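Below: the structure, in structure tokens.
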2 protein chains.
Amino acid sequence: MGISEPFDAAIEALIRRLSLRDHLPEDERNALRSAAVRSRNFAAGDDLVVQNSKPSVSMLIASGMVARYNIIDDGARQITAFHILGDFVDLHGFLLSRLDHSISALTEVTVVEFPHEALEHITEQYPHLTRMLWLSTLLDAAIHRQWLVAIGRTSAMSRLAHLFCEQFVRAGLVGLATQDSFPFPITQAQLADALGISPVHVNRTLQELRARAVLEWHGGIVSILDWPGVQSIGKFDEAFLDIEHRRR
Amino acid sequence: MGISEPFDAAIEALIRRLSLRDHLPEDERNALRSAAVRSRNFAAGDDLVVQNSKPSVSMLIASGMVARYNIIDDGARQITAFHILGDFVDLHGFLLSRLDHSISALTEVTVVEFPHEALEHITEQYPHLTRMLWLSTLLDAAIHRQWLVAIGRTSAMSRLAHLFCEQFVRAGLVGLATQDSFPFPITQAQLADALGISPVHVNRTLQELRARAVLEWHGGIVSILDWPGVQSIGKFDEAFLDIEHRRR
DNA sequence: CGAAAGTTTGAGGGGAATCAATGTGGGTGG
DNA sequence: CCACCCACATTGATTCCCCTCAAACTTTCG
């Protein structure tokens, strides 16, 4: 019996996601459960972690949505990742001596904290679980690479579609998506910061997607009307996420 | 006494780089040395690993330069990373079930191969070394994020300068740079694929950098004429790499 | 109900792309 | 040892995707 509702839900979501990849023995599951110490809430707009700090805990998302981002001197912002339920949002901070980016809450957010000593203990005692956690950070890197490809070599329209595809599949992995929709509770300006385009152009591109009848986005919910169509526009190949679906 | 010249040089470069971050005990150094089995050569243009494959060894660069890249259906290419001496180029392949990108040689390249069983053995026996290797993949991810910021939110000129800064610092970490220069043996077209701009625009932007007298690039060698100037144009903050300079 | 935040629309401009041609240096074969 | 070739670098002309600035509209919420 767990400490509280979101607390347990987050850990079970993580376990479920890792299990898609490889079997997690009961002792490893328990090791994860006992490494979590408490949950914590943030309001929309709060920073969970700020750049250049050295956190002593890592956070697992229990509910809500957060973004990693960097600010450039001229005030421009680039979001480098979105994270949802079951994502270990700053496992990087466990090993990096300073965080190279900030993390902020896009909505109300609940996280579960894992003290770094507890994580270090896991790496000392559970090699297989350690590899699984390592893997989860490698998936973050794989997603970064997909964003690089999208931002570097495709149009605003493709980038937008690609991001929707990625979020749809990832939401589905943790049970947050329906057959054809998923929550996406952010503003167009935040989306612009993720895609490397201007808010105005996000708006115009969304209109175009709407006009092509491939998707809708109202009230923080994206509805996929034409899944093959969105994938095609976004040049989306889920292989890079698919690894979570298979066993080694 | 080692097996051969480049073979040893690569492993010692890796050890040196990891040591900058945290002390590596002799037994861990030996574990690394004995995990390497052989070296292998590639000609410029060869693929070391192709997308969607599941390699059974990971490669450490002993000499030369390689690029990770993705091809989009329309033929466009995006390079997502450059790697040099001492970089563990596809440690990702150790845990990912399929590689999400290809890796090709930009020059003649020598690598040292580490069988995945040997790496798995390290994770079972050497938790601290495992964390160090994990860290090295987190650094790759940190560099991806910097590229995202550069490509998403800065001009072609800044991106170019930023990349030169990064390569200069990284080459310095493994002893490949002089006080004010480093090897950069690639073509303008390859550079364009890394920066997400066209080859023509790379050429024009290089001319502008030359005109501002901040750097030169001839014969595969980049010479920094005005280090503060390049950093300023590239909005470069080495903090994200600096982690390798410090101890925890 | 008013204020703030977010979305939408319009007009005009610019950074970078594309297309196409020319220049250049290093390697190869006759 | 020079003519040729090929890959790469450079330049010019034109086009366009997206940006910026600015204002109006809409939705949310205290």
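Quick note: numbers below take in every heavy atom, side chains included, and nothing from hydrogens, waters or symmetry partners. Please read these numbers as outputs of a predicted model, since none were measured by experiment. Lettering of chains follows the sequences in order, A, B, ..., and the numbering in each one begins at 1.
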Measure the CG-CE distance between B/Leu91 and B/Met59 for me, rounded to the nearest 0.5 Å.
-> 12.5 Å
For A/Thr187, report the nucleic acid contact type (base, sugar-phosphate, nothing); a contact means any heavy atom under 4.0 Å.
-> sugar-phosphate
Check each of A/Leu60, A/Asp140, A/Asp90 against A/His83 using the side-chain contact (heavy atoms from CB on, under 4.5 Å) test, and report the only one that passes.
-> A/Asp140
Length of the NE2-C1' vector between B/His201 and D/dC17, whole Å | 14 Å
Between A/Arg159 and B/Ile186, name the one whose nearest nucleotide on DNA chain D is closer to the 5' end.
-> B/Ile186
Under 4.0 Å between a side-chain N/O of B/Asn203 and OP1 or OP2 of D/dT10, yes or no?
-> yes
Nucleotide C/dA16, atom P - distance to CD of B/Gln207 in whole Å = 15 Å
Pair of N/O donor and acceptor under 3.5 Å linking D/dG12 base with B/Arg204 side chain = yes
Measuring from A/Thr110:OG1 to A/Leu85:CG, what's the distance to the nearest 0.5 Å?
-> 10.5 Å
Quick one: B/Leu106 CG to D/dA7 P, roughly how many Å, whole number?
-> 17 Å
Return yes if some donor-acceptor pair links the side-chain N/O of B/Arg38 with the main-chain N/O of B/Glu113 below 3.5 Å, else return no.
-> no
Any chance the rings of A/Phe164 and A/Phe184 have centres within less than 6.0 Å?
-> yes
First encountered from the 5' end of DNA chain C, between B/Thr205 and A/Ala189 | A/Ala189
Length of the line joining B/Gln188:CD and C/dT24:C1', which is rounded to integer Å | 13 Å
Between A/Val200 and A/Met157, whichever has its closest DNA chain D nucleotide further toward 5' is A/Met157
Euclidean distance, atom CD1 of residue B/Ile197 to atom P of D/dC18 [Å, nearest integer] | 16 Å
Rounded to whole angstrom units, what separation is found between the CG atom of A/Leu209 and the C1' atom of C/dT7?
-> 16 Å
Whole-Å gap separating P (D/dT27) and NE2 (A/His218) | 10 Å
Whole-Å distance between C/dG6 P and A/Leu191 CG?
-> 14 Å
